[in-house]
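Order of the sequence lines sets the chain letters (A, B, ...), proteins ahead of strands, with each chain counted from 1.
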There are 2 protein chains.
Amino acid sequence: MNKRQPITIKEVAEKAGVSQMTVSRVLNKQNLVKESTREKVEAAITALNYRPNLMARGLAGGRSKLLGLAYYNPSPSYLSALVVSALKHCRDLGHHLVIEDLSDIEDGLDTAIILKRLSSIQLDGLILAPPLSGNSKLLELIQDIGIPTVLLGSTDSRFKQSSVVFDDAAAAYTMTGHLIELGHTRIGFIRGPHELPWSRMRQEGYEKALVDNGIEIDKALIVEGDFTFRSGMHGGDALLGIQDRPTAIFASNDDMAAGVIAAAQRRAIQIPKELSVVGFDDTAIAAAIWPRLTTVRQPIAEMAQASVDIISNVTAEGWNGQPVRMVNDSIHIIERESLGPPA
Amino acid sequence: MNKRQPITIKEVAEKAGVSQMTVSRVLNKQNLVKESTREKVEAAITALNYRPNLMARGLAGGRSKLLGLAYYNPSPSYLSALVVSALKHCRDLGHHLVIEDLSDIEDGLDTAIILKRLSSIQLDGLILAPPLSGNSKLLELIQDIGIPTVLLGSTDSRFKQSSVVFDDAAAAYTMTGHLIELGHTRIGFIRGPHELPWSRMRQEGYEKALVDNGIEIDKALIVEGDFTFRSGMHGGDALLGIQDRPTAIFASNDDMAAGVIAAAQRRAIQIPKELSVVGFDDTAIAAAIWPRLTTVRQPIAEMAQASVDIISNVTAEGWNGQPVRMVNDSIHIIERESLGPPA
DNA sequence: GTGAAAGCGCTAACAG
DNA sequence: CTGTTAGCGCTTTCAC
């Protein structure tokens, strides 16, 4: 019968004829070990098929090699992109990814439970996905626990947490400009929920692009959604129902854009001939509908990877204590079939 | 400055005027503690805001409260459904979910790396998502490590691992029967990759339904995909290009069905008037395209939850040592707009 | 019912 | 460069 973790550092040490400490040093890649000793130890490790016990390391050293990724109610495609990318990078860095569902926090921000979960498992660091990264109560809580944290898609200067952000406003500006270049002037916009900063930023970009191009902002062309397919469909319905309907609709995320396309298809409006639809994010759904969605790419994978890197650095020795704030400014419009010049 | 985990069991014990052991017993809900003592201890725990250290518990007791969820290359919607559901249930049971990306195993089955990752982190149990759960080399490996494992969507009697499966063949049979009832007789089928058992099972169900209804199997109506949107589009193109094209297409999963719909829309074939399309799984994409997909629901959430339960039981005391094999037989067809009677 | 002692496997802080 | 000595915070085992 295989026991759980039969080989310990002690046995490796004996086999290699050194002390446990030396083995430990080899394990932790400290370079104060003589080459010949290191080789002996490594041989012993391989021979015995030794695997260090993470729990023991965590207890003794304070570093658990565990990174947390907390989310709340994400769109499926966003979540998978995030998880897959973060995970790949964790693997490369020898970390493990623990996923935490913080959905409780809406039911009255149950701080007790969150604190309990987050502080009992010795996380080396925590990545907060939107919209959690914009919840200042939560940020404060987490800062108190003292876990190094990276905010994805949001910064809050009141806290000393690192962040990786994307310039949503600039991206929305670029996309809107692109629509205008093609000749659209009546451009509908489906914004996100008003309480989220991303909603605001994307709308700002949209409005600024209109203004900069001498197009008046028409409030009748702006409706609010909640980033779901359903709400996009409703929003699209509303915009397509008005007199003198828009020739293009820019939805603040891909799910809503897919909803707009659905709404148009129900009314037998041809895309892009009679109506252009563009989205935001370039998640999986953008390429999984027809016509495929023209959209601004949000570099989710890159941002996830950057977050892992930051935590890795912050956790390492010799960190200066300053939060790292990173801005990803790669704005790309992915051209597909849902966009064309106005009729 | 907040230190990491300042309060220990020792301080709780002092405050409550008992020994560490008693606190430990309260923590682990062992019922050999006097009611009054328990209350004292619980009061101290709350007062000090004590959180047990998972690492220490894992080291001392051998139970880490960590469950692993391993996947390989999943479709985004499947992965999120899985993760979200497993997570919710973990939370209820006080476990944490560690996600592992085992994608390496295609590059020549790098057993060394997988073993290393899996055995150094003391997982209480492991959930293997498809298609990993069908990889017998991997199963053997994992059995050797000795982690209690639940296979999702697959069983292998050669190993003593538990499993939660869905009757894919029956579901495909039901769906095909439904199409036939509506009057379809030329039903195209897009199967999955031939190396996966699910592909085979779904095809079996499809073929059996045809035969049972006196319809001859026409190999020209069966094409192979790889469960991606792209491959569904190609498969759809192929099926729509033949003489006397099918009046309905049954794709072995939703992503491929979405691809078929896209292919049809490109050819301006109206759905469901001229062509019915049905899928399999009922993942998020099914309701996020237009027309929305009629599909057989695979109870991913329920199965994930069951897996967590099984591991929880298997990990607990007093388990009889027998693998648990569970079959989920709730087959539901979700009716949406992509299906109608033949023209 | 409860407590004391002895580690779990590893690393920090010092010696040498 | 390497070894020794102490724990990390908790649970186990065995007394009382």
Side-chain angles (χ1 to χ4, degrees), chain A residues 3-42 44-45 48-66 94 119-122 124 315-317, chain B residues 3-42 44-45 48-66 94 119-122 124 315-317:
Chain A
K3 278 204 185 159
R4 234 27 145 94
Q5 193 68 27
I7 306 117
T8 74
I9 200 174
K10 200 172 164 184
E11 308 173 55
V12 177
E14 272 168 20
K15 171 125 187 161
V18 295
S19 76
Q20 297 188 21
M21 229 10 255
T22 308
V23 179
S24 172
R25 280 192 261 259
V26 171
L27 250 47
N28 294 288
K29 308 200 193 306
Q30 296 181 235
N31 30 1
L32 358 91
V33 188
K34 198 165 50 175
E35 195 50 35
S36 61
T37 337
R38 150 173 278 112
E39 277 162 15
K40 266 195 306 186
V41 173
E42 271 163 357
I45 289 179
L48 294 173
N49 202 16
Y50 164 72
R51 328 241 159 271
N53 180 323
L54 259 200
M55 298 278 143
R57 280 166 84 139
L59 221 210
R63 258 149 307 153
S64 63
K65 291 284 184 188
L66 258 36
S119 58
S120 76
I121 174 174
Q122 270 62 29
D124 278 354
T315 306
E317 314 281 315
Chain B
K3 279 207 184 155
R4 236 23 149 96
Q5 192 69 28
I7 307 116
T8 73
I9 200 174
K10 200 171 166 184
E11 307 172 56
V12 177
E14 272 168 21
K15 171 124 188 161
V18 296
S19 76
Q20 296 187 22
M21 234 1 265
T22 309
V23 179
S24 171
R25 280 193 260 259
V26 171
L27 250 47
N28 294 288
K29 309 199 191 308
Q30 296 182 236
N31 31 2
L32 359 91
V33 188
K34 200 163 49 175
E35 194 50 36
S36 61
T37 338
R38 150 173 277 112
E39 278 162 14
K40 266 195 305 186
V41 173
E42 272 164 357
I45 288 179
L48 293 173
N49 202 16
Y50 164 70
R51 326 241 161 271
N53 180 322
L54 260 200
M55 298 276 142
R57 281 167 84 140
L59 221 209
R63 258 148 306 152
S64 63
K65 290 283 185 190
L66 258 34
S119 57
S120 76
I121 175 174
Q122 270 62 29
D124 279 354
T315 307
E317 313 282 313

- B:Val33/B:Met21 under side chain to side chain contact (heavy atoms under 4.5 Å, CB included): CA gap, chis, key distance, verdict: CA-CA 10 Å; B:Val33 188; B:Met21 234 1 265; over 6 Å; no
- Task: Under the side chain to side chain contact (heavy atoms under 4.5 Å, CB included) rule, what do A:Tyr50 and A:Val41 come out as? Steps first, then yes or no, please.
- Result: CA-CA 11 Å; A:Tyr50 164 72; A:Val41 173; over 6 Å; no
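What separates CE of B:Met55 from C1' of D:dC8 is a distance of 12 Å, to the nearest Å. With rounding to whole Å, A:Glu35 atom CD is found 10 Å from D:dT2 atom P. Distance CG (A:Leu27) to C1' (C:dA12): 15 Å, rounded to an integer number of Å. Atom CZ in A:Arg63 sits roughly 21 Å away from atom P in C:dG9 (whole-Å rounding). If you measure from atom CZ of A:Arg57 to atom P of D:dG7, you get 23 Å, rounded to the nearest angstrom. Look at NZ on A:Lys10: it is 12 Å from P on D:dT4, rounded to the nearest Å. At whole-Å resolution of the value, CD in B:Gln30 and C1' in D:dT13 are 12 Å apart. In this structure, CG of A:Asn28 is placed 9 Å from C1' of C:dC10, rounded to the nearest angstrom.
Side-chain atoms of B:Asp124 do not come within 3.5 Å of backbone N or O of B:Arg63 as any donor-acceptor pair. Side chain of B:Ser64 to backbone of B:Gln122: a donor-acceptor contact under 3.5 angstrom is found.
One end of the helix from C:dG1-D:dC16 to C:dG16-D:dC1 points its axis 30° away from the other end's axis, with each axis taken from 5 pairs and the angle rounded to 10°.
At least one side-chain heavy atom of B:Val12 sits under 4.5 Å from a side-chain heavy atom of B:Ile7. Using a 4.5 Å heavy-atom threshold, the side chains of B:Val26 and B:Val18 count as separate.
By the side-chain contact (heavy atoms from CB on, under 4.5 Å) test, B:Asn28 is found to be paired with B:Ser24, B:Gln30, B:Arg57, residues two or more places apart in sequence or in another chain being considered. Partners of B:Ala60 according to the side-chain contact (heavy atoms from CB on, under 4.5 Å) rule, which considers only residues two or more places apart in sequence or in another chain, do not exist here.
Distances shorter than 4.0 Å separate some side-chain N or O of B:Thr22 from OP1 or OP2 on C:dG3. Regarding contacts with the backbone of D:dT12, every side-chain N or O of B:Ser24 stays at 4.0 angstrom or more from both OP1 and OP2.
For the salt bridge (charged side-chain N to carboxylate O under 4.0 Å, His left out) condition, the pairs that include at least one residue of residues 15-39 of chain A, sequence neighbours left out, are A:Arg38-A:Glu42.
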What protein N or O atoms touch nucleotides 4-8 of chain C N or O atoms at under 3.5 angstrom, if any, and at what distances?
from: C:dC8; atom 1: O2; to: B:Ala60; atom 2: N; distance (Å): 3.3

